[in-house]
Amino acid sequence: MKVIIAEKPSVAREIARVFGATVKKDGYIEGKGYTFTWAFGHLLQLAPPQEYGYYGWSVQNLPMLPAKFKLSIRKVKSKEGMVDDPSVKKQLDTIKSLFDEATEIIVATDAGREGELIFRYIYYYLKCKKPFKRLWISSQTDAAIKDGFKNLKPGTDYDTLFNSAHCRSQSDWLVGMNATQALSLSSGTRSVLSLGRVQTPTLAMICSRYLENKNFVPQIYFQVAIQLDKDGQLFRAISAESFKSKEDAQIILDRVEDVTGGFANGGHIFSVEAKPRKEPPPLLHDLSSLQQEANKRKGFTADQTLSLLQNLYESKLVTYPRTGSRYIGDDVFAGVPTLIEKFTGHADFGKQATFLLSAKLNKRSVNAKKVTDHHAILPTGEKAYQLTPDQQAVYDMVVGRMLEAFHQECVKEITKIVVQSGAKFTASGTVISSAGWRAVFNEVDEEKKDEENTSLPKVKKGEDLPITNKAILEKQTKPKPFYNEASLLKALETAGKEIDDEELRYAMKDSGLGTPATRASIIETLIKRDYIKREKKNLIPTETGLSVYGVVKEQQIAQAELTGNWEKRLEEIRSGASVTEFQQEIQNYTRAITREMLKAGASLRAPKIVM
DNA sequence: GCAAGGTC
């Protein structure tokens, strides 16, 4: 009997279906001489400190550097504290008995570093010695699955990938556990002051943006506005220059040849530029872009959106949600017309879906090379009913985005008029001449509301128009806004793009900080630690958060570069470089950061009352 | 009591 193990039930079901296996058992599917089973993500994790004899939290234990790491079953909260997750325990038992009977194991966890780790941790935990082969596919269509099974790789081909994954896991444990205990113990506050490779740079980003915003000194500047009259249609133009003082602006204002100053034809049309601008449709959603949109539209937190999507995924209404790709392959694209057809009766989008059926579909989101473990989020086309309003909202964002992504370009007419009247003034306006994909939601872009849909009258170069009004505008420069969930997610995705070191920047280019699956939980962790709080839509640091930031901000653990550095080394390990050398460096860094944090906590201690 | 990673 051959046993196939997938990362999650949905994938095992898909593969079983392709094989024609239909016998559903508890924890696996059987048929055609194969058995298809699954994990639920990571079933095992690196064992906590007490399993190496580091009992309690104590400075004497630090730094904790286990000679050999152990694995333990994923924990879940219960009345008696953290206990082995019973459903995980049960599934491990199932996998164990299947592996015992197996003649061969085929690994079908996701094609990536963590997918490899998920399988290997199970395999080593169960002390299994059976040979295994690796299925390596990046899309789960029938063709891709069949093709993958014709090209199974020897399991040992991925030993170095496992090494890099194991190093990632151990390093996060060593640095995170030790730095956290060191800072918490030395602060003497008896609360958990956690630190980690991902959460601490994230906290640093929020704090530094907050301080930058708070310490921002707005600069006041002045502009001159004039109002012109073209055959009764009024429009506004603003001085091309801005001025530091009101007096300078006044000089320009006085030069304006306006009606009250006795000039009948005050504004001279110096130039008129009108050009069409084509705006391609947006890409399909990945998890992050959808979380950002749901935060902007509905104010949902990243965590809420993920959980709503998980519900929709479990109801088989949308495809796999924790994806980092905004593309689909040609195989999936082949099914898109049929999919669109299912939405021709949709209350909001029916008309656009019907339109798309006879239109040439835009293929901007179709690129097999940019599909990683999973493709972009799509509706499955299954009938949706009895959704809660929040589920419906997220579902509609998925459906709407699909229609947008395959829709036509939006064509805008951008007009720029330059008026001469003592000085140069400009008026600009944008008019949508063909809505294209923007017809789906038919909304005005909030951020660009001022310039969108401002239509300007038709004027000709050389014309002179009366100026009916003029004024000095007082404006001030604005600070960068606080982070909110949407802008933070975006910043985490693109973290590392500004690193000076080219190699580190390259190493991080596809990752950023955290992963699609973990970013929502990072935000929740920072809130749970009382480092940050939600204030309206913004993420604001608390006093605790700011003081922790104060003591770590110069440390490597607070920089995105640390991840860049690790990613570079992990990639080298994947291509065969020494593991021990990296592990040695991590141990050294663990000793250093532990020492630093044991000192640093003192400044967080509440001042003693002097009698 | 602690990391980051994955998933139901």
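Side chains are part of it too, since the values below use all heavy atoms of this structure and drop only hydrogens, waters and symmetry mates.
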Have a look at [X] and say if it touches a base, only the backbone sugar-phosphate, or nothing, with a 4.0 Å heavy-atom cut-off.
| X | answer |
| --- | --- |
| A:E114 | sugar-phosphate |
| A:Y313 | sugar-phosphate |
| A:V192 | base |
| A:R197 | sugar-phosphate |
| A:P9 | sugar-phosphate |
| A:T518 | base |
| A:R529 | sugar-phosphate |
| A:G514 | sugar-phosphate |
| A:E116 | nothing |

Where each residue is assigned the nucleotide of DNA chain B containing its nearest heavy atom, which of A:A517 and A:S191 is assigned the position nearer the 5′ end?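 The answer here is A:S191.
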For A:E7 and for A:P48, locate the closest nucleotide of DNA chain B by heavy-atom distance; then report the residue assigned to the nucleotide nearer the 5' terminus.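 It is A:P48 whose nearest nucleotide is closer to the 5' end.
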Is the shortest distance from a Lys or Arg side-chain nitrogen in [X] or [Y] to a carboxylate oxygen in the other one below 4.0 Å?
| X | Y | value |
| --- | --- | --- |
| A:D84 | A:K89 | no |
| A:K568 | A:E571 | no |
| A:E104 | A:K133 | yes |

Do [X] and [Y] form a cation-pi contact, if we require the NZ or CZ to be under 6.0 Å from the six-membered ring centre and within 45 degrees of the ring's axis?
| X | Y | value |
| --- | --- | --- |
| A:K509 | A:Y506 | yes |
| A:R134 | A:Y158 | yes |
| A:K8 | A:Y320 | yes |

Give a yes or no answer on whether the side chain of [X] reaches the backbone of [Y] with a donor-acceptor pair at less than 3.5 Å.
| X | Y | answer |
| --- | --- | --- |
| A:R595 | A:T590 | no |
| A:R209 | A:Y483 | no |
| A:D286 | A:S289 | yes |

For chain A, the stretch of DNA chain B it reaches, first to last nucleotide, under 4.0 Å of its heavy atoms: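 The protein-touched segment is B:dG1 to B:dC8.
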I want to know whether A:Y125 and A:Y121 have ring centres closer than 6.0 Å.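 No.
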Using heavy atoms and a sub-4.0 Å distance, could you list which residues of residues 169-178 of chain A are near DNA chain B? By number, please.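 Of all residues in residues 169-178 of chain A, the ones placing a heavy atom under 4.0 Å from DNA chain B are A:S169, A:D172, A:W173, A:G176, A:M177.
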Between residues 35-47 of chain A and DNA chain B, which residues have a heavy-atom gap below 4.0 Å?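 Result for residues 35-47 of chain A: A:F40, A:G41, A:H42, A:Q45, A:L46, sorted by number.
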When you compare the side chains of A:Q556 and A:E561, does any donor N or O come within less than 3.5 Å of an acceptor on the partner?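 No, no side-chain donor-acceptor contact under 3.5 Å.
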